[in-house]
Enquirer: 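Can you read through this structure? Questions will come right after.
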Amino acid sequence: MTAVEATSIVILGAGPAGGAVALGLKKLGYTNITIVGEPRPFCAMEGVSERVVDGLRGAGFSHALEKLPPASARFVTWNGVTSQANTERLINRAAFDSAILMDLAMQGIHVIQGRAGEVASTPAGHKVSVDSSGQSIQLNADFLVEARGRAAPAAKLKRLRGAETVSILQYWEGEPGERQSAVQSFEDGWAWMAADEKGRRYLQLTFDVASSILPEKSRLAEFCIEKLNTLEQAQPYLANATSTGEIHARTSTPILCQEAVGDNWIRVGDAAMAVDPLSGNGIFQALSSSLQAPAVINTLLREPEKALLAQRFHQLRITELFFRFARIGRDFYAMEEQWQEQPFWEARAQWPDKQPMHQQPDITQLRVKTLPVVNQGLIEAVDVVTSPDQPLGVWHLNGVPLAPIVLAYQSSPDELAVIQEQCLAMQLNEQQQRQVLQWLVGQGAGFR
């Protein structure tokens, strides 16, 4: 048995993030993988974009992809203007989670349907207690992956938090109709509504925890109905429908874990960074922090001398993704100008900072730095090209390393002959040379 086969890895959380890590590790040759999780215990619908579909396909999910419905209309009323901004695929999250578990089992991952309890960790390994169908199971792991989303224990790790936010979800049953969703802003928050073709409705209101005066639990349902009755987009979802089941209140506060990886553990998905649900891309965000985690784990286990490099890569990536998504949310909140001075909107239109989401290309701001990247399943330090818009750096363009090209340009700015000589030295073909020149021009280069 090889070291890779003998290494026991336990993943807590079997959603898209934990599942993507499991499948990625399997591709790298790890076989002793156990994943602990269960479908979402309450009814919920979630909208996913085509980027999520691409991410799921890239991660290796197949059964889960088959369960995705076609895209449906998404209506948005924001800053007093209504539009059909885009489409999204509305998934039944419990059914989707079950499909992920089947995907994992079909690809040889040991799946335990249950809930993880106490975790005892030391530098030598981890002991995890699991409740599975009323039975207590004890697991031992050389490496632990925390992927239980927002529910993951804080474990006394340093965390950065945005404005404290709560989302209140209510279920309704109505007449069958078209599958669709809608978003609408209001004075002290925003609403997300969805319906499937069977008449099931999902109505969610999001508020600021500090400034909102929410009633006690016994009046919460009545409070939500009163608020929904004031929203134009909610009317089709309320028509000929009745509320059913319990109300679920969940935190939706943006949280960045500032210590997301150690020598024998790693946090991924919402357990590492959870951003505002406004963008409607929760699964995409979870996948974004998970798809390259197997290379980090592989490096920590196979090449422990590169542990600091691998840890730096993961933390840098988690942090950059968090702020990128947070700025997307900030800019969307800032577009709502009707209630700029209300606490909910004022706090979110300015957080996390004032840095623009995207910065214009500037050839003078390109820098060549040595930073960690993924290379053939491991983390390595290579020369990359950074810019204000790409602080983590760009290694190559369709397989062509960019650092030598940028260094050649910086040696003699605007001299086309110098770039051509460098391209010849790198044995680039004509198509590759054209792509390199187009990239430089896109960054603001001009040639004589």
Side-chain angles (χ1 to χ4, degrees), residues 14-20 23 39-40 42-78 81-107 149 167 169-184 190-204 231-241 244-245 269-270 275 277-288 290-291 325 328 332:
L23 295 179
R40 187 158 294 187
F42 56 88
C43 296
M45 186 173 280
E46 189 165 346
V48 301
S49 67
E50 292 306 308
R51 292 189 302 176
V52 172
V53 177
D54 293 338
L56 292 169
R57 186 175 294 111
F61 295 104
S62 56
H63 188 67
L65 283 170
E66 293 174 0
K67 296 297 182 181
L68 294 181
S72 54
R74 181 173 186 257
F75 299 91
V76 176
T77 297
W78 205 260
V81 177
T82 299
S83 65
Q84 184 182 338
N86 48 36
T87 62
E88 60 184 350
R89 297 182 187 229
L90 295 170
I91 61 173
N92 178 316
R93 188 57 198 264
F96 180 71
D97 288 349
S98 295
I100 287 178
L101 291 174
M102 183 172 291
D103 259 322
L104 297 173
M106 290 173 63
Q107 297 191 50
S167 294
L169 177 64
Q170 193 173 23
Y171 315 116
W172 293 65
E173 290 285 346
E175 298 175 355
E178 292 184 5
R179 183 179 288 259
Q180 61 181 357
S181 59
V183 173
Q184 183 168 352
W190 58 276
W192 182 78
M193 297 144 285
D196 64 16
E197 66 280 0
K198 296 180 180 180
R200 290 174 294 195
R201 321 279 173 86
Y202 302 82
L203 307 179
Q204 180 172 284
L231 304 180
E232 177 186 357
Q233 289 286 3
Q235 301 318 300
Y237 299 87
L238 299 173
N240 301 315
T244 180
D270 283 355
V275 296
L278 179 66
S279 63
N281 277 317
I283 294 179
F284 178 72
Q285 294 155 6
L287 286 172
S288 297
S290 305
L291 291 174
F325 287 127
I328 292 173
F332 198 58

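For this chain, numbers begin at 1 and follow the sequence in order.
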Enquirer: Just to verify, what does Glu232 make a side-chain contact (heavy atoms from CB on, under 4.5 Å) with, not counting sequence neighbours?
Expert: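 Gln184.
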Enquirer: Given the rule in the side chain to side chain contact (heavy atoms under 4.5 Å, CB included) test, do Thr82 and Val76 qualify, once you have shown the distances and angles that lead to the verdict?
Expert: CA-CA 6 Å; Thr82 299; Val76 176; over 6 Å; no
Enquirer: What pair of heavy atoms forms the shortest contact from Leu287 to Ala20, and how long is it?
Expert: CD2-CB, 3.9 Å
Enquirer: Compare all side-chain heavy atoms of Phe75 with those of Ser83 and state whether any distance is below 4.5 angstrom.
Expert: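 Phe75 does not reach Ser83 side chain to side chain.
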Enquirer: Please answer whether the main-chain N or O of Tyr237 pairs with a side-chain N or O of Arg201 as donor and acceptor at a distance below 3.5 Å.
Expert: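 Yes, Arg201 side chain to Tyr237 backbone: donor-acceptor pair under 3.5 Å.
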Enquirer: Compare every heavy atom of Ala73 with every heavy atom of Gln84, then report the nearest pair and how far apart it is.
Expert: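 Closest heavy-atom pair between Gln84 and Ala73: NE2-CB, 3.5 Å.
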Enquirer: Less than 4.0 angstrom from a charged side-chain N to a carboxylate O is my criterion; do Asp54 and Arg51 meet it?
Expert: no
Enquirer: Considering non-hydrogen atoms only, spot the tightest contact between Ala64 and Phe96 and give its length.
Expert: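 Taking every non-hydrogen atom into account, CB-CE1, 3.9 Å.
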Enquirer: If you take all heavy atoms of Gly149 and Asp270, which pair is closest and at what distance?
Expert: CA-CB, 3.6 Å
Enquirer: Compare all side-chain heavy atoms of Gln204 with those of Ser167 and state whether any distance is below 4.5 angstrom.
Expert: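 Yes, close enough: below the 4.5 Å cut-off.
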Enquirer: Mind checking salt bridge (Lys or Arg N to Asp or Glu O under 4.0 Å) for Glu50 and listing every partner two or more places apart, or none if nothing turns up?
Expert: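 Expected list: Arg89.
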Enquirer: If you measure from CG on Leu238 to CH2 on Trp172, what distance do you get to the nearest 0.5 Å?
Expert: 5.0 Å
Enquirer: Nearest 0.5 Å, what's the CZ-CG distance between Phe284 and Leu56?
Expert: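 Spacing of CZ (Phe284) from CG (Leu56) equals 11.0 Å.
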Enquirer: Any chance you could measure Ser288, atom OG, to Ile283, atom CD1, to the nearest 0.5 Å?
Expert: 11.5 Å
Enquirer: In Å, rounded to the nearest 0.5 Å, how long is the span from NZ of Lys198 to CZ of Arg179?
Expert: 8.5 Å
Enquirer: Donor-acceptor pair, distance only, cut-off 3.5 Å: does the side chain of Asp97 make one with the backbone of Gly15?
Expert: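 Here the side-chain-to-backbone pair does not exist.
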Enquirer: Might you point out which heavy atoms bring Pro69 and Leu90 nearest each other, and give the distance in Å?
Expert: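 Residues Pro69 and Leu90, closest heavy atoms: CG-O, 3.0 Å.
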Enquirer: Relative to each other, are the rings of Tyr202 and Tyr171 parallel, tilted or perpendicular (30° and 60° limits)?
Expert: perpendicular
Enquirer: Under the rule for salt bridge (Lys or Arg N to Asp or Glu O under 4.0 Å), what residues qualify as partners of Arg200, not counting sequence neighbours?
Expert: Asp196
Enquirer: Is there a donor-acceptor contact under 3.5 Å linking the side chains of Glu88 and Ser49?
Expert: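 The answer is no; no qualifying pair exists.
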Enquirer: Kindly give the heavy-atom pair with the smallest separation between Leu101 and Pro39, and that separation in Å.
Expert: CD1-CD, 3.8 Å
Enquirer: Let me confirm one number: the OG-NZ distance from Ser62 to Lys67, rounded to the nearest 0.5 Å.
Expert: 11.5 Å
Enquirer: Atom CG of Leu23 and atom OG of Ser290: how far apart are they, to the nearest 0.5 Å?
Expert: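 Those atoms lie 11.0 Å apart.
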Enquirer: For the residue pair Ile91 and Met45, establish whether any side-chain heavy-atom pair is separated by less than 4.5 Å.
Expert: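 No, their side chains stay 4.5 Å or more apart.
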Enquirer: Would you indicate whether the side-chain heavy atoms of Gln233 and Val183 approach each other to under 4.5 Å?
Expert: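 Side-chain contact under 4.5 Å: no.
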Enquirer: Would you indicate whether the side-chain heavy atoms of Val52 and Leu68 approach each other to under 4.5 Å?
Expert: no
